[in-house]
Amino acid sequence: MDILNPFECSEEKAWCPGCGNHALLEGIKRALFELEKEPHEVLIASGIGQAAKLPHYINTNGFNGLHGRAVPPAAGAKIANSDLTVIIHTGDGDSYGEGGNHLIHNIRRNLDLTHFVHDNQIYGLTKGQASPTTGKGHITGIQTEGVQLEPFNPIALGISLDCSFVARTFVGDQEHMVETMKSAIRHSGYALVDILQPCVVFNKVNTFKWYKDRVYHLERDHDVSDKVEAFRRAQEFGERIPIGIFYVNEKPTYMESVEYISEREPLVRKKLDPKSAVPLMDEFY
Amino acid sequence: MDYNLLIGGSAGQGIETLGFLLEKSLQRNNYYLFSNKDYMSRIRGGHNFTKIRFGTKEIYSHKDALDFIVAFDETTVKEHRFRLKENGLIFLDESLRENTPDVSANMVFLPMKESASNLGNARVLNTLFFGSLAKAFDLDLGIAKELLTEVFKKDILELNQRALEAGFKLEVPAVPVEKPRDIGKRILINSNQGIALGALAAGLTFYSAYPMTPSTSIMNFLAENQKRAGILVEQAEDEIAAINMALGASFAGVRAMTGTSGGGFSLMTESLGLAGMTETPLVVVNVQRPGPATGFPTRTEQSDLSFILTASHGEIPRMVTVIRNAEEAFYKTARAFNLAEKYQMLVILLNDQYLADANQTIEPYDFGKVSIDRYIESGLDADVYNRYELSGGHISPRILPGFIPGKTVLADSDEHNEHGNITESAEIRVSMMDKRMGKLRMLESELEEPECLGDESPEILLLGWGSTFGTLKEAVEILKREDLSIGALSFGDLWPLPIKKLEQMAEGAKQIINVEQNYTGQLAKLIRQETGIKCTNSILKYDGRQISLEEIVSGVKEVL
């Protein structure tokens, strides 16, 4: 651990021993440090769940909001202050379940946000119910006959919506994860990164070993601009699970496309003066 | 002089344009006016109307009894002729004669369709009517012409100019009018527009909302002007996103607002709690319409009060204040932003469909009266910044993320310690609850007492809130002329409830009557809860239409 990393924080972590979140936290701190960010320049938004505790364990700005609602405050904050590096940390339930609508529309909105989903294919905080990414047939205390629903495929969804950056990584491959995080943060536009992160207590199916045996890197020559190929590779999830950057779609961000705003400084630095609104009353005379 | 005119027809016939032209021209001819709309939840067809009350003295509300009807269809004649005064007139097209039962002498048939087809375009019917009405009411033709250039695009302007002239040439009875004195520059505006302008004056920089009638016109005005004002208006994917985006934007330091109507407000309730818990300043507008569920989408009611007072699970401090007219909408909204930031708190502004769609001639807003007080710290000595520091009493110093190197801000929806980290400590929980809820006591000193109308120590005391202000004011004046000892209190600030004037006036009153647009008497309930004062009678209306002057006057007489 780099003791000089200004993102270090001494707050005691309320995560189970062996939880993938520990490695994930180390990864994000390292990524921000290596990107030479300062704590005050970064904002981490989260919802509810184990992933959502992350802002408490890192020394940076944080907005720990409501379940499923991590993305809209992050979007509002980015619109208000485009100088902030805004990162979202949520779980699979938080973003693919309760907050699904926000995920879809913020991919469309394409603000310059980085969204890391801690995907352990199970609900941890509420003790082991199925999440949208839980595999078919997985038996839980609630899905007593095994999950009947089709698992949600975040990678395919992102690509199908022309998300500007879609990647998957695995907490068991620290180098890969940190590099992917850095690429996502550097990317200008909405970056969705699904991070495989085993739950050591409630998911006895998708364990560290299960992922380790299956995960492999997308080839070096994988063409990230090829949407059809990216979509085809997104279908692979089972015996073999590709990790890496699936798809990059360079396009103007939301703030860049609002011409009259992007030419100016961040909205939060706008000088406020009641009298500046006087001409807007003209149409009522 | 005090005339009440109704323009009716089906959606898409152009009554909206005619209403606008007529209102603007009355305003520029120095008349005071108050207009309100009644429209259906459909895009074409149905029966819609605009009522324009105008005169040479200030007007605060609408009236039932009509002096004039401008009918674009038979339905308008059928629906409203029973409200026409004895010497009133109905202006209508010649073609309606055939299907109009009981054609009477007060019907002014005009060859509108024929004139329109002579001009080669059936769509100019409204401008033809405008010309004829301008002539009937002796309105300045120059002003009318000028208005056309403001309303119509170049390609149809010339056609409409000809229609105006043609309408002006038609034979119409001259209506006796009192020539108004010069009342100076006035604006004609509704309270949703007043809210939007007030927000802009207060430094609103980000507005996020999901379109919902009757709140959408706030969003429309802001969006139309976003480029000029250098602000951003975002149509969110739903109301939950709308309020959460506004919260994030406010947290990051801009003045943000969201607006909706009852159903959307219901969706926002969890996040009202988030604003309270994170102590993020936020202004939320709820333009009420009848509920529950989808209710009566385009109509009016005052039935969200009870819900709004406690909306959110758990307990949070909040301020609830209601708009009483277009003038107040501006100043009250600007004040809401200052109070929200001063107390790092949620401020809910209530409005309703009646006022949202009611145009009123008022003095131009005085932007010099608006101050922008932000209460944001730019530098702090301590090494670690604690967002929820307890030593400062109920208000912790607020800094903005990203502005001070070495200082970070942590906001949390879980119960938290001073820094913002999650805690399960019973002791801290109590301190934090006391800190948050204690803001309400501080706020009490800023409350505006209800406005007193009529007698200051009346035997009959009427109580109302929000949009009934103008009607109550005029009703009390009428009833006073009948030698009744009557007065009214019209509430603006509702939570915390200002009780000084109420207790004082209630003491001497023999009868206390609450006048409300809801079924359960929500203001009366609130007053009973906060003061133990019980209303002796109620005048309640919940048919989706605003209570009128006549209804209040007769309602009071009935319960006496």
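Just so it is clear, the model here is predicted, and its values are computed rather than measured. Every chain is numbered from 1, with letters handed out A, B, ... down the list of sequences.
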- Value rounded to 0.5 Å, distance of CG in B:L188 from CD1 in B:I362: 9.0 Å
- Applying a strict 4.5 Å limit to non-hydrogen atoms, the region of B:I231 in contact with chain A is both
- Using atom types as modelled and distance alone, determine if a side-chain donor or acceptor of A:N153 lies under 3.5 Å from a backbone N or O of A:A156. yes
- Message: Can you tell me which portion of B:E23 sits under 4.5 Å from chain A's heavy atoms? Options are side chain, backbone, both or neither.
- Response: neither
- Okay, B:T280 and chain A: the region with an atom under 4.5 Å from a heavy atom over there is side chain
- Is there a donor in the side chain of B:N421 and an acceptor in the side chain of B:R387, or the other way round, less than 3.5 Å apart? no
- Would B:R398 and B:E341 count as a salt bridge (charged side-chain N to carboxylate O under 4.0 Å, His left out) if you check the C-alpha gap in whole Å, the side-chain angles of each, and the deciding distance to 0.1 Å? CA-CA 9 Å; B:R398 178 173 173 230; B:E341 288 204 311; 3.1 Å; yes
- Residues A:S164 and A:N110: side-chain donor-acceptor under 3.5 angstrom: yes
- Report yes if the side chains of B:I195 and B:F330 come closer than 4.5 Å at any heavy-atom pair, otherwise no. no
- Scanning both residues in full, the closest heavy-atom pair of A:V166 with A:G158 reads CG2-C, 3.9 Å
- Find the one option among B:P364, B:A196, B:A246 whose heavy-atom pairs under 4.5 Å with chain A are most numerous. B:P364
- Query: Are B:S271 and B:N244 linked by a side-chain donor-acceptor pair shorter than 3.5 Å?
  - Reply: yes
- Item | Minimal non-hydrogen separation, A:I185 against A:T114, with atom names | CA-OG1, 3.5 Å
- Minimal non-hydrogen separation, B:L410 against B:Y388, with atom names: O-CE1, 3.5 Å
- Note on the structure: When the 4.5 angstrom heavy-atom criterion is applied to B:K369 and chain A, the contacting part is neither
- Note on the structure: Comparing B:K407, B:R28, B:Q193 against chain A, the one with the most heavy-atom pairs below 4.5 Å turns out to be B:Q193
- Task: For each of A:R69, A:E38, A:E41, tally heavy-atom pairs with chain B at distances under 4.5 Å, and name the one with the top tally.
- Result: A:R69
- Message: So for B:F221, is it side chain, backbone, both, or neither that comes closer than 4.5 Å to the heavy atoms of chain A?
- Response: side chain
- Message: Under 4.5 Å from any heavy atom of chain A, what part of B:E270 do you find: side chain, backbone, both or neither?
- Response: both
- Message: For the interface with chain A, which of B:G230, B:G203, B:A334 has the highest count of heavy-atom pairs at distances below 4.5 Å?
- Response: B:G230
- Item | Options B:G253, B:S208, B:A241, ranked by heavy-atom pairs under 4.5 Å with chain A, top entry | B:A241
- Query: What class does the angle between the rings of A:H187 and A:F165 fall in, given that below 30° is parallel, 30 to 60° is tilted and above 60° is perpendicular?
  - Reply: tilted
- Query: Which one of B:Q226, B:M277, B:H416 has the most heavy-atom pairs closer than 4.5 Å to chain A?
  - Reply: B:Q226
- Query: Using non-hydrogen atoms only, which part of A:I48 is less than 4.5 Å away from chain B: side chain, backbone, both, or neither?
  - Reply: side chain
- Item | chain B contact via A:R108 - side chain, backbone, both or neither, heavy atoms under 4.5 Å | neither
- Query: With distance as the sole criterion, is a donor-acceptor pair present between the side chains of A:D194 and A:Y96 under 3.5 Å?
  - Reply: yes
- Any side-chain donor-acceptor pair under 3.5 Å between A:S131 and A:T133? yes
- Item | Contacts with chain B made by residues 50-65 of chain A (heavy-atom distance under 4.5 Å), listed by residue number | A:K53, A:P55, A:H56, A:N59, A:T60, A:N61, A:G62, A:F63, A:N64, A:G65
- Item | Cationic N near anionic O, under 4.0 Å, B:R186 to B:E363 | yes
- Select, from A:H102, A:E259, A:E11, the one with the greatest count of heavy-atom pairs under 4.5 Å involving chain B. A:H102
- Query: If contact means a heavy atom pair closer than 4.5 Å, which residues of residues 72-93 of chain A contact chain B?
  - Reply: A:P72, A:P73, A:A75, A:G76, A:A77, A:I79, A:A80, A:N81, A:L84
- Query: What closest approach, in Å, do B:S378 and B:I404 show between heavy atoms, and which atom pair accounts for it?
  - Reply: O-CD1, 3.3 Å
- Message: Counting C-beta onward and ignoring hydrogens, is there a side-chain heavy-atom pair between B:Q360 and B:N325 closer than 4.5 Å?
- Response: yes
- Message: As an exercise: rank B:I240, B:L200, B:D414, B:L204 by heavy-atom pairs under 4.5 Å with chain A and give me the winner.
- Response: B:I240
Which pairs would a plain distance check flag for residues 267-285 of chain A, meaning a side-chain donor or acceptor within less than 3.5 Å of a matching protein atom at least two apart in sequence or in another chain?
{"from": "A:K270", "atom 1": "NZ", "to": "B:A229", "atom 2": "O", "distance (Å)": "3.3"}
{"from": "A:D273", "atom 1": "OD1", "to": "A:K275", "atom 2": "N", "distance (Å)": "3.1"}
{"from": "A:S276", "atom 1": "OG", "to": "A:D273", "atom 2": "O", "distance (Å)": "2.7"}

- Message: Quick check on the interface: out of A:I261, A:V258, A:N106, who has the most heavy-atom pairs with chain B under 4.5 Å?
- Response: A:I261
- Query: salt bridge (Lys or Arg N to Asp or Glu O under 4.0 Å) with B:E279: which residues, sequence neighbours excluded?
  - Reply: B:K435, B:K439
